[in-house]
Amino acid sequence: MSVIEIILPDGSTRSLEEGQSALDLAEQIGARLAKDALAATVNGELTDLSKPLPAGATVAIVTPASAPGREVLRHSTAHVLAQAVTRLWPGAHYAIGPAITDGFYYDFSLPGGARFSDDDLERIESEMRAIVTENQPFVREEYSYEEGLKVFSDQPFKVEIISGVRDGASPEDASEVSGSVVSAYYNSPTFKDLCRGPHVPSTARLGHFKLMRVAGAYWRGDEKRPQLQRIYGTAWESKEALAAHLTQLEEAEKRDHRRLGQELDLFSFPTELGPGLSVFHPRGGTIRRVMEEYSRARHVAAGYEFVNTPHITKAELFETSGHLHWYADGMYPPMELDDGQQYYLKPMNCPFHVLIFKARQRSYRELPLRMFEFGTVYRYEKSGAVHGLTRVRGLTQDDAHIFCTREQMHDELVSLLTFVLDLLRDFGLNDFYLELSTRPAEKAVGSDEEWREAETTLAAVAGTAGLELVMDHGGGAFYGPKISVQARDAIGRTHQLSTIQLDFQLPQRFETSYIAPDNARHRPIMIHRALFGSVERFMAILIEHYAGNLPTWMSPEQVRVLGVRDSHDDYAYAVAGALKSDGVRVVVEAANEPLGARIRRAKLEKVPYILVVGDDDVTNATVGINARGANDPERGVLLTDFRQRLLDEISTHGSPELARGT
RNA sequence: GCCGAUGUAGCUCAGGGGCAGAGCAGGCGAUUUGUAAUCGUCAGGUCGGGGGUUCAAUUCCCUCCAUCGGCACCA
């Protein structure tokens, strides 16, 4: 028997006999590692523990508490889910069941069109636990196409996958069916699944999982194909890791903007108005006003002109722009007037801004011409799509359109991108990456040359930001490609925020022109851009980012003053008056209740600064400061000092508690 | 739009074929408080809407609406 050398991740080498596996390697390294081992990476590729190792390979043992380890155990848990379902619903067809972030899912079609209900999850879960107890091995088998089709002849989704790869129709599945080899895993004589693997050695290695919910999902993600029953679950390497994940889900729920919007009295969705139509209460209205005022000031400084346009328009405008052709389904149906004229609620502001450009003849001297508007638009979102403030039917965009020459566009885009990122940072977001969305396969107008030029320009501009750039092929608008700024929030979720779109098409459709130095008409190009995207959605993202603890400059109520007894109320009002003269949003709550109760209420309302004033403060012109997120209150701070601290914090958009990490 | 779940007071929730419940919030009164809940009292409801079964429906059935979790969609 010949001996082979294996390289470990730290560069050291080990000798194994030919034909030995990663499990043998793990045993050689240590009993504990062998016990932990789930799978291996061989030359960077995940494989089963039992697979014989090739000579000279770099091998790492994959253990549960690692990203690849979790992926393997989640994927294996998905198989156990499928087996449990086939036991409980004989004749069930299973489609695909991958590992996903934090868990896994599996899609099924049940006999007789049966559907899972929430109660079924419990039954399925206990069946899964039985399978885990049975300690079933995962055994890999490989077949030719024809054998594979025979083995899975009673599973139509598997047959479709195998024959799709064989016929070259669905190359995306090629990894499950590599080359001409179909791979499958058996757990028991009764359950097998088409799968590229790898898997844990046995079901006994699983167990820290929980089924989360059932959902409908279209086969192949295609609305026109059958809807399957999807079960989502989460799975982890240990009881503790599972518990930590469930706790984290609860924490995320606590910062849900819909919940905080209710608790902090910011906004609501009166059922009288209809789905996706929000109203902002005074506190939410203040946050919104501060956001908008700050944005306006920055846009003025950046050379934008402010325009206003109506909410409805004749159909013709959106026929010319092309929106009606592509997006009629997403628009509110037209109002028909007596003379047969149709009017639409606007879903976009751009054509209006084009008309402003066209209102008179333009000279090259005016370019770049930057038109800004907080434009409220209405989109008929499908009923299942509306979601809090993040997906609504009436929204306000911080929308602007820049008209410039082709020569200007590159520099204009570069300075625009800087402007965008600076503004987002001022709102406390600072972890970004960029996405470049290119020409859609079908929904697109314009020539290949124009698209190429636009995409090349945007790619060059994106490169100047020094940020990670991700490609989103085919994700552009029908009239042009876009750069979008993606931001990670405080709990690591990413949100698509600002978009910058380059558009050669609308100026043509509207026959827009300016007079150039050569005294001839030239076509401007247009840049569409929104920084918040939608004011409503941006506010929702900020609320969740800060868990409702908005930085002082944005807080609806910045300071609340509490007298210890009602004999201190006069002083409390005097303190409030001084702060009000500084432009601070301050409220006094009179001493009708014990101090502790009033403090508690102010804390629950997430007021950044609670000032408590008593005898000492009246005498010494001081205040007691109980700052949001701070551990201990400060006593006896001179009012003049507090005013200065507060004004500094507000003007620098500071968030001391975020800095403290609370 | 599709699949599943949920809808009881302003909010959070209990109840389950036979008189509608709690805590918080709210009104009134008392209490005068130094850093996260003072006490008392009062009021508050077509049990999401409509239809059906029943002697009787908030409860069971159907349907519509809304919300939640997904899928699809997202200019």
Side-chain angles (χ1 to χ4, degrees), chain A residues 105 107 113 115-121 212-232 253 256 258-259 262-263 265 268-276 318 321-331 346-351 377 379-388 390-391 397 399 440 443 475-480 482 496 499 501 503 506 528 530 533-534 562-569 590-605 610-617 624-627 630 632-636:
Chain A
Y105 67 78
D107 288 346
R115 309 225 157 79
F116 295 123
S117 76
D118 282 6
D119 298 337
D120 293 329
L121 289 185
M212 303 300 281
R213 54 184 59 97
V214 308
Y218 299 104
W219 170 233
R220 298 286 197 191
D222 184 345
E223 201 175 5
K224 291 173 194 70
R225 308 188 73 165
Q227 190 169 44
L228 307 177
Q229 297 282 298
R230 175 172 297 179
I231 293 178
Y232 282 96
E253 208 171 301
D256 188 309
R258 293 165 298 182
R259 174 181 175 143
Q262 167 78 259
E263 288 174 358
D265 194 17
S268 59
F269 297 88
T271 53
E272 291 85 342
L273 300 187
F318 289 114
S321 71
H323 287 99
L324 257 176
H325 180 246
W326 298 111
Y327 293 107
D329 285 353
M331 292 168 66
K346 68 171 168 182
M348 286 295 279
N349 303 301
C350 20
V377 299
R379 296 177 178 183
Y380 187 70
E381 300 286 1
K382 288 182 186 171
S383 63
V386 296
H387 180 91
T390 60
R391 194 82 182 270
Q397 296 178 310
D399 205 4
K443 264 190 185 181
F478 70 85
Y479 47 75
K482 69 178 177 193
Q496 177 178 316
T499 58
Q501 299 174 348
D503 177 7
L506 282 193
H528 304 240
S534 118
L562 309 177
V564 174
R565 288 189 313 279
D566 58 8
S567 59
H568 306 121
D569 281 352
N592 294 322
E593 272 185 289
L595 183 62
R598 286 176 288 150
I599 296 212
R600 177 168 193 272
R601 190 174 311 123
K603 289 284 184 193
L604 291 175
E605 291 173 18
I610 302 166
L611 300 186
V612 173
V613 294
D615 290 333
D616 299 348
D617 300 297
I625 304 172
N626 189 331
D632 297 304
E634 289 178 75
R635 289 282 293 273

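Order of the sequence lines fixes the chain letters, A, B, ..., with proteins taken first and strands second; residue numbering starts at 1 for each chain. Just so it is clear, the structure is predicted and the values come from calculations on it, not from any experiment. All heavy atoms count here, side chains included; hydrogens, waters and symmetry mates do not.
Using a 4.0 Å heavy-atom cutoff across all strands shown, A/A597 reaches sugar-phosphate atoms only and no base atom. Nucleic acid contact for A/D329: none, since no nucleic acid atom lies under 4.0 Å from a heavy atom of the residue. A/F269 comes within 4.0 angstrom of no nucleic acid atom, judged by non-hydrogen atoms across all strands. Contact annotation for A/S117: backbone-only contact, meaning every heavy-atom pair under 4.0 Å involves sugar-phosphate atoms and none involves a base. Within 4.0 Å of A/D118, counting heavy atoms only, lie sugar-phosphate atoms of the nucleic acid but no base atom. A/R379 comes within contact range of at least one nucleobase, with a heavy-atom separation under 4.0 Å. Among the heavy atoms of the strands lying under 4.0 Å from A/L604 is at least one base atom, whether or not backbone atoms are also near. Contact annotation for A/D617: base contact, defined as any heavy-atom pair under 4.0 Å involving a base atom. At a threshold of 4.0 angstrom between heavy atoms, the contacts of A/Y105 with the nucleic acid are absent. Using a 4.0 Å heavy-atom cutoff across all strands shown, A/G330 reaches at least one base atom of the nucleic acid. Within 4.0 Å of A/A215, counting heavy atoms only, lies at least one base atom of the nucleic acid. Using a 4.0 Å heavy-atom distance criterion, A/G624 is classed as a base contact.
Expressed to the nearest 0.5 Å, how far CG of A/L562 lies from CD of A/E593 amounts to 10.5 Å. Rounding to the nearest 0.5 Å places CG of A/D329 at 10.5 Å from CG of A/L324. Separation of atoms CG (A/D256) and CD (A/E263) is listed at 10.0 Å; rounding is to 0.5 Å.
Base pairing annotation: B/A14 forms no Watson-Crick or G-U wobble pair, as no partner gives both donor-acceptor distances under 3.5 Å. Taking a pair to require two hydrogen-bonding distances under 3.5 Å in either a Watson-Crick or a G-U wobble arrangement, B/G34 remains unpaired. In this entry B/A25 has no Watson-Crick or G-U wobble partner, no candidate having both defining distances under 3.5 Å. Across the strands present, B/G45 finds no partner; the criterion is a Watson-Crick or G-U wobble pair with both atom distances under 3.5 angstrom. Within the shown strands, B/A5 is the pairing partner of B/U67 under the Watson-Crick or G-U definition, both distances less than 3.5 Å. Of all nucleotides present, none satisfies the Watson-Crick or G-U wobble test against B/A20 with each distance under 3.5 Å. Pair assignment for B/A56: none, as no Watson-Crick or G-U wobble contacts are both less than 3.5 Å.
Residues A/G384 and A/I610 each lie close to RNA chain B; by heavy-atom proximity, the contact nearer the 5' end of the strand is made by A/G384. Between A/N592 and A/D222, the residue whose closest nucleotide on RNA chain B is further toward the 5' end is A/N592.
Regarding contacts with the backbone of B/U67, every side-chain N or O of A/H387 stays at 4.0 angstrom or more from both OP1 and OP2. One finds no side-chain N or O of A/Y218 lying less than 4.0 angstrom from the OP1 or OP2 phosphate oxygen of B/C73.
The NZ atom of A/K382 sits 15 Å away from the C1' atom of B/C3 (whole-angstrom rounding). Look at CD on A/E223: it is 12 Å from P on B/C3, rounded to the nearest Å. The distance from atom CZ of A/R391 to atom P of B/C68 is 13 Å, rounded to the nearest whole Å. Distance A/R565 CZ to B/U38 C1': 17 Å, rounded to the nearest Å. The CZ-P distance, from A/R598 to B/U38, rounds to 10 Å in whole Å. Atom CZ in A/F116 sits roughly 14 Å away from atom C1' in B/G70 (whole-Å rounding). One can place CD of A/E593 at 13 Å from C1' of B/A30, the figure rounded to the nearest angstrom. Note: CD (A/E263) to P (B/C11) measures 13 Å, nearest angstrom.
A donor atom on one side chain and an acceptor atom on the other are found under 3.5 Å apart for A/Q397 and A/N349. In summary, the side chains of A/R230 and A/Y232 do present a donor paired with an acceptor at a separation below 3.5 Å, with no hydrogens or angles considered.
You'll find the side chain of A/E381 reaches within 4.5 Å of the side chain of A/R391, heavy atoms only. A heavy-atom distance below 4.5 Å is found between the side chains of A/H323 and A/C350. Put simply, the side chain of A/Y327 does not reach to within 4.5 Å of the side chain of A/F318, judged on heavy atoms.
Side chain of A/M348, nearest nucleotide from B/A75, B/U32, B/G4: B/A75. Taking only side-chain atoms of A/A477, from C-beta outward, the nucleotide of B/C71, B/U33, B/A75 with the closest atom is B/A75.
Syn is the classification of B/C19, since its glycosidic angle stays within 90° of 0.
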